[in-house]
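Here is the structure we will look at, set down as structure tokens.
Excluded from the calculations below are hydrogen atoms, water molecules and symmetry mates; all remaining heavy atoms, backbone and side chain alike, are included. Each chain gets a letter, A, B and so on, in the order the sequences are listed, and its residues count up from 1. None of the values given here were measured: they were computed from a predicted structure.
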Amino acid sequence: MTSPVLRADFSKKFSGGPVIRADVLEISGAGVTVLFGPSGSGKTTILRCLAGLETPDEGTISFAGKTWFQKSGKRKAESGNDFILPPKNRGVGFVPQDYALFPHLTVAGNIAYGLHGRSAMETKSRVAEMLRWLDLAGLNSRLPHELSGGQQQRVALARAVAREPKLLLLDEPLAALDTPTRQRLRGELRKLLRQLAIPTVVVTHDRLEALSLGDDLVVLDEGRIVQRGPVQAVFSRPANLTVAGIVAVETIQPGRVLELKDGLATLLVGRAQLTAVAGDLPAGATDVFVCIRAEDVILTKEDAAHASPRNRLAAVVRAIANEGPLTRIELDCGFPLTAVLTRQACAEMALQENDTLLALVKAPQIHLVPRGG
Amino acid sequence: MTGNDWQLVGFSARMAVSSTLLILPFGVALAWLLARRDWPGKTFVETFVSLPLVLPPVVTGLVLLELFGKRGPLGHWLHAQLGLDVVFTWKAVVLALGVMALPLLVRAARTAIEEVNPALEQIARTLGASEWRVFYTVTLPLARRGIFAGVLLAFARALGEFGATIMVAGNIPGRTTTLPVAIYSDVQAGDDAHAWTLAGISTVIAFLALWLGEKLSRRRQ
């Protein structure tokens, strides 16, 4: 494991709110880390502290071996070591939720803002490069209010990226957009972030966004980090019920689209075939994440050939875990699948490990997240 | 209108413009400090600067006369160090008009700066801008209409100032007499017709300044 490029360990309290703790947030390499959690969980605060726009009460932030922030909240005597690097010297690219484009500057003026101090030639060519890269050609002399939401989002990204930041911070990058645009741009944004290959932190409360953009996932709840790990792992194996409740989807498996027909997609997942509603899956998408919530999985021991769900999967029980009133059942049906039952239901079915049974899932309850490129 | 009248109008306008330009940098800087920074004594300074709005203008004039008179602390220093005499000269006119107009400029500029979305200033900082660059590339351009409206208001106020001016600059025709002071003199001397002419000119200039200011602040919304 490489040493982390970003290491943050700090806390901040707002009056009336919970204490926000980035209780050792570490990012290594050039991937996309998603800070995920419900609103009020403190993810935006953490992002703003990283950018230097908020000052933590105490803790440290360091990036690439350089201290960005250091403050001990304990004793006054130690305050001689306190250090805050102002945002202008951090070299981050920050894209806030509402994009905050300068309303009095054109698209080109916005993108060039961070290039202050470079030669006019260099600025011009860099702006042109950004316009080309983000498909904004021809819009360079427009003002922000003359742009669509999706275009504004791209200009904000271009402005942040133009000065070649060492760390990119995106706050709910797609939340300000209407639903169709959001769905379209999700895949596009992932592609752009992949091309950039700089360490990136994305804040979101949208699990589809987390899934399609993130490599690593950090789940936050009430100001604390409750779980972290590769995005698929965290979604498929929530550490506890709190996390399960937040991520709200237990099974996430890579799948391949075999056929798209009449709005339905036939998929190969592990050794099993599934039918799902294609929804907004773009034509030509082949690689997807298949998401199934545990409570959407129906278990039955009887032959259910007459049952309505499209997907009837022969399954073997691998593990049974009690979690309060609920029992979580890990199944193997050609791919790992998680189901959740009440304890009572589990007792009535007399489920044991290695039992065979049928897992039923309705086609509309399988969510597909494109995962190309 | 006689040649003297034109001289009077020109002098008054020059004094009002000079005093407004004089307080502009200071007033905008103070407005920024009030809108964007927290510092000890902020409320006191804010109240102090606004005092001329509610004090009788002659009181403000009296204070200035004491401060800038030959024996006053500031007047004495200016005379000894720079050989500068202020009271009962055109400089006293500019001083009185500036002090009286400052609160209007500061209030308008402060509101205009407060209306600038701080998120825009923050973004500019993340893009490597110094505080000074943030101010003149983001805050100032976005607040400029409001500030300009404040400038016009201050100018109109300066043009109509009477009480403080007569205390600290007196009424020396051709040297310190401004439009309002001349109107007062005319009425004292029984020349009502001339007073009305000057009053009409004052009204037209004030109306134009306010109308322009109103128009500009409207367009912002």
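A salt bridge links E114(B) to R110(B): one of the charged nitrogens lies within less than 4.0 Å of a carboxylate oxygen.
Per-residue counts of heavy-atom pairs under 4.5 Å with chain B were compared for P103(A), A51(A), G93(A); the largest is that of P103(A). Your options are A100(A), P165(A), A156(A), and the one with the most heavy-atom pairs under 4.5 Å with chain B is A100(A). Note on A160(A), G114(A), P87(A): by heavy-atom pairs under 4.5 Å with chain B, the leading option is P87(A).
No more than 12 heavy atoms of other residues, nucleotides or ligands lie within 6.0 Å of CZ in F207(B), so this atom counts as exposed by the packing criterion.
Both tests do not hold together for K42(B) against F44(B): distance to the six-membered ring centre under 6.0 Å, angle to the ring axis within 45°. Judged by the 6.0 Å and 45° rule, R175(B) forms no cation-pi pair with F88(B). Y113(A) carries R133(B) over the face of its six-membered ring, with the cationic atom under 6.0 Å from the centre and within 45° of the normal.
For R90(A), no part lies under 4.5 angstrom from a heavy atom of chain B. For chain B, the nearby part of R48(A) is the side chain; its heavy atoms alone come within less than 4.5 Å. Proximity to chain B is limited to the backbone of L101(A), based on heavy atoms less than 4.5 angstrom apart.
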